[in-house]
Chemist: 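Below is a structure I'd like to ask you about.
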Protein chains: 2
Amino acid sequence: MAASTLTEVARLAGVSPATASRVLNGSARTPGPDIAERVRRAADSLGYIPNAQAQGLAKSSSGLIGLIVHDIADPYFSAIARGVQTAARHQNKMVLLATTAGSPADERAAVAAFAARRADSIVIAGSRSARTADRQGNAELAAELDRYCRNGGQVGVVGHAVVGAESDEGYHVVEVPNEELAAELARELAVSRAGEFVIIAGPEGLLTSDDRVRGFQRGLADAGFPPADVLHTGFDRTGGYEAGMELAAHIGAHGGNGEAGTDAPAPQRLCIFAVNDVMAIGATAALRSQGLRVPRDAAIAGFDDIETLRDFRPALSTVRLPLEEIGRLAVPAGSGPAAAGAVAVTGEVTLRRSTEPGGEPAS
Amino acid sequence: MAASTLTEVARLAGVSPATASRVLNGSARTPGPDIAERVRRAADSLGYIPNAQAQGLAKSSSGLIGLIVHDIADPYFSAIARGVQTAARHQNKMVLLATTAGSPADERAAVAAFAARRADSIVIAGSRSARTADRQGNAELAAELDRYCRNGGQVGVVGHAVVGAESDEGYHVVEVPNEELAAELARELAVSRAGEFVIIAGPEGLLTSDDRVRGFQRGLADAGFPPADVLHTGFDRTGGYEAGMELAAHIGAHGGNGEAGTDAPAPQRLCIFAVNDVMAIGATAALRSQGLRVPRDAAIAGFDDIETLRDFRPALSTVRLPLEEIGRLAVPAGSGPAAAGAVAVTGEVTLRRSTEPGGEPAS
DNA sequence: AAGCAGCGGGAATGCGCTTTCCCGGTCCAT
DNA sequence: ATGGACCGGGAAAGCGCATTCCCGCTGCTT
């Protein structure tokens, strides 16, 4: 038994398909109430479900929103995804998911696939990369997006405008002040600290990471500190862990406080800024594995304020980003192409125990 | 400039649309190489992207996999989603996401929406509820799923078979031995423990929660312990937190060790089993907020072994579930309806610091 | 009373693609 | 040399729906 069609419903109700269509989907013209009732009854006696593909073909619009993330299991992206999902629901559309691990080529492919499905809009959440190796990929991605826009698509971008986009038509960006917030974080950390700073960053060229690094350095400069060393590594927990191991060796070697037993706080406690929370957690785990304690032997701060990580101890100093709201804002308004432009969100520096000046153990 | 069509490509290449179709999409019949080349050239000079809706209509299949979760931002679901996404990629399909907060009505609607889009298969990940309030909703959900299957759809279910499904046709379930694993966890906890046990469960009727509770009680019985008290609460961090507060009051009242200052271990330390990790973390946070320490003042175990939570300290005893693999297995094989049946995964009890017998503080 | 706007309904067309069917031409076997 | 199998290509018929156009009707105006 194949799914029943509008025509079958119409026949059962004794009307034309046109009429059935008019009553079952919001049309400008509503047939008489008696007829309407008959059609409706026929429809659900047959368990009629409109074929969205056919509707889409006929109306050329699909009720789909494409979402591109690096990894849906990453809490940063899943929080954004939740916001996107919420917005989609309000527009009653469905979201189509693509994960790309940040590869421009995959992202291009995802955009093409969304375009093929005639998605009404697409949201691209992962941060772009400016590495020269990705130059070509980025250009192709931009071209694909431009074409999508020219064909009437709307694209929402979180973070930065797409590099190399030709026009503003149809682009809608949610601006996240990564740089400013990182600067503010640096300044706030600087007031109560005399030690050295070091930054655990993502791969060079990853825009979000670069922005946060730049901002942090600027904040340090504002506070009269010299630039921090920067360790480039993976943008995930593993990257953070590796960098953390490296730093642990460093601290052990001349922090003067290498052994867990020695209880005197290091005179010049290192202050680590990991460009995202997940990396910060990885780094913390690494330090801990080497017998170092946070914040006693090193202070550490992250970025994003991932919800799942809020119960982590020592509580992580970070910058709270309204991730879910960002997701919500990133999806272009359903109505009209007038929605292009930019919207800004803001975050909040949140200092917690992981960077407290006194390194004494407590609960 | 609207997106270009197959017909335009064909005209440019000087062939018929039929031929163009044959070369551009895998057809049994491949036209001659010269013609093929001409068509291909025309296609990408026009930047042709096939209209997936039209293709779907014509072939009646869509290359879509529907995924239903309670909340995509919940790490449990996002891990599964990653697996689903991986499998989808292998079948080169895209995944359509729906979040329902566990409401059977929403799930029914999601199934209908997927059916409307002619999704090739749908994966339903959230655990079903057996509450009487949901009785009707469940029945409707089952009916909708049955209809979907009858129309040729494949459904993959994680955890339990859908309650009330009429036939096995098209259902494919990934069995998660929640009950057995919970029993094993209980037994392993019991060997080194004399204290009282208590269970923080989800809402009554939530199948996954019920199974884990039942299993845990059985394991306790196997080890010669009396049944544990069960606290029903929300299936999320907040629920865990609330239950944790309640237990904290209890411990404070007669655990004899209410004040954080008193260092003597409680003689009868409570052992808490939260039916999932996120709840366990919430409960731990609650205890901690009351000056109680884990595992000194209470032992605590969770379930799932959520990746993001692995760096949590004290390391959480839990049952590791191969979430991503579960997601991967849940998507029905692309080929044929022969895939119906069940597949089983297994987990592993993982005892860590949060339930260590000696409650002494350490790193 | 004749004419016209307005309305409720149906017939027909097209959205972009796949696929069956058909047709002219080769190449082989008899 | 001739019939048939075979192959490369095109014409055309849908897939399921929205929508435009059209037609017959009622109710109003002058």
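All chains are named by letter (A, B, ...) in the order of the sequence lines, taking the proteins before the strands, and each is independently numbered beginning at 1. Every value quoted in this text rests on a predicted model; they were computed, and no experiment measured them.
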Chemist: Check this for me, if you would: do Glu325(B) and Arg328(B) make a salt bridge, where the nitrogen-to-carboxylate-oxygen distance has to be below 4.0 angstrom?
Modeler: no
Chemist: Rounding to an integer number of Å, can you tell me how far Tyr48(A) OH sits from dC17(D) C1'?
Modeler: 7 Å
Chemist: Show your reasoning for whether side chain to side chain contact (heavy atoms under 4.5 Å, CB included) applies to Ile68(B) and Phe114(B).
Modeler: CA-CA 10 Å; Ile68(B) 299 181; Phe114(B) 289 153; 3.5 Å; yes
Chemist: Please state how far atom CD in Glu37(A) lies from atom C1' in dG9(C), giving the value in whole angstrom units.
Modeler: 18 Å
Chemist: Between dG16(D) atom P and Asn151(B) atom CG, what is the distance in whole Å?
Modeler: 11 Å
Chemist: Could you please name the option among dC15(C), dT19(D), dG9(C) that lies closest to any side-chain atom of Ile35(A)?
Modeler: dG9(C)
Chemist: Mind checking Ser60(A) for me? I need base, sugar-phosphate or nothing, with any heavy atom below 4.0 Å counting as a touch.
Modeler: nothing
Chemist: The side chain of Ser21(B) is closest to which nucleotide in this list: dT19(C), dC15(D), dC17(D)?
Modeler: dT19(C)
Chemist: If you measure from CZ on Arg108(A) to CD on Glu144(A), what distance do you get to the nearest 0.5 Å?
Modeler: 5.0 Å
Chemist: Could you check Ala58(B) against Ala20(A) and say which one's nearest nucleotide on DNA chain D is further toward the 5' end?
Modeler: Ala58(B)
Chemist: With no hydrogens and no angle check, do the side chains of Thr100(A) and Ser103(A) hold a donor and an acceptor under 3.5 Å apart?
Modeler: no
Chemist: Does anything in residues 9-19 of chain B come within less than 4.0 Å of DNA chain D? Heavy atoms only, and list the residues if so.
Modeler: Val15(B), Ser16(B), Ala18(B), Thr19(B)
Chemist: Is Asn25(A) near enough to dC17(D) that one of its side-chain N or O atoms lies under 4.0 angstrom from OP1 or OP2?
Modeler: no
Chemist: Show your working on side chain to side chain contact (heavy atoms under 4.5 Å, CB included) between Asp146(B) and Tyr171(B) and close with a plain yes or no.
Modeler: CA-CA 9 Å; Asp146(B) 275 345; Tyr171(B) 285 97; 2.9 Å; yes
Chemist: Kindly give the atom pairs (protein nitrogen or oxygen, nucleotide nitrogen or oxygen) under 3.5 Å for nucleotides 21-23 of chain D.
Modeler:
none

Chemist: Pair Asp134(A), Ser129(A) - check side chain to side chain donor-acceptor pair (under 3.5 Å), show working.
Modeler: CA-CA 7 Å; Asp134(A) 289 336; Ser129(A) 140; 2.8 Å; yes
Chemist: Quick one: is dA18(D) close enough that its OP1 or OP2 comes under 4.0 Å of any side-chain N or O from Gln55(A)?
Modeler: yes
Chemist: If I take atom CG in residue Asp34(A) and atom C1' in nucleotide dC7(C), what distance separates them, rounded to the nearest angstrom?
Modeler: 14 Å
Chemist: What heavy-atom pair brings Leu6(A) and Tyr48(A) nearest, and what distance separates the two atoms?
Modeler: N-CE1, 3.3 Å
Chemist: Choosing from dT19(C), dC15(D), dC17(D), which nucleotide comes nearest the side chain of Lys59(B)?
Modeler: dT19(C)
Chemist: Please check if atom CD in Glu37(B) has more than 12 non-hydrogen atoms from other residues, nucleotides or ligands closer than 6.0 Å.
Modeler: yes
Chemist: Could you check whether any side-chain N or O of Ser62(A) sits under 3.5 Å from a backbone N or O of Arg118(A), counting only pairs where one atom can act as donor and the other as acceptor?
Modeler: yes
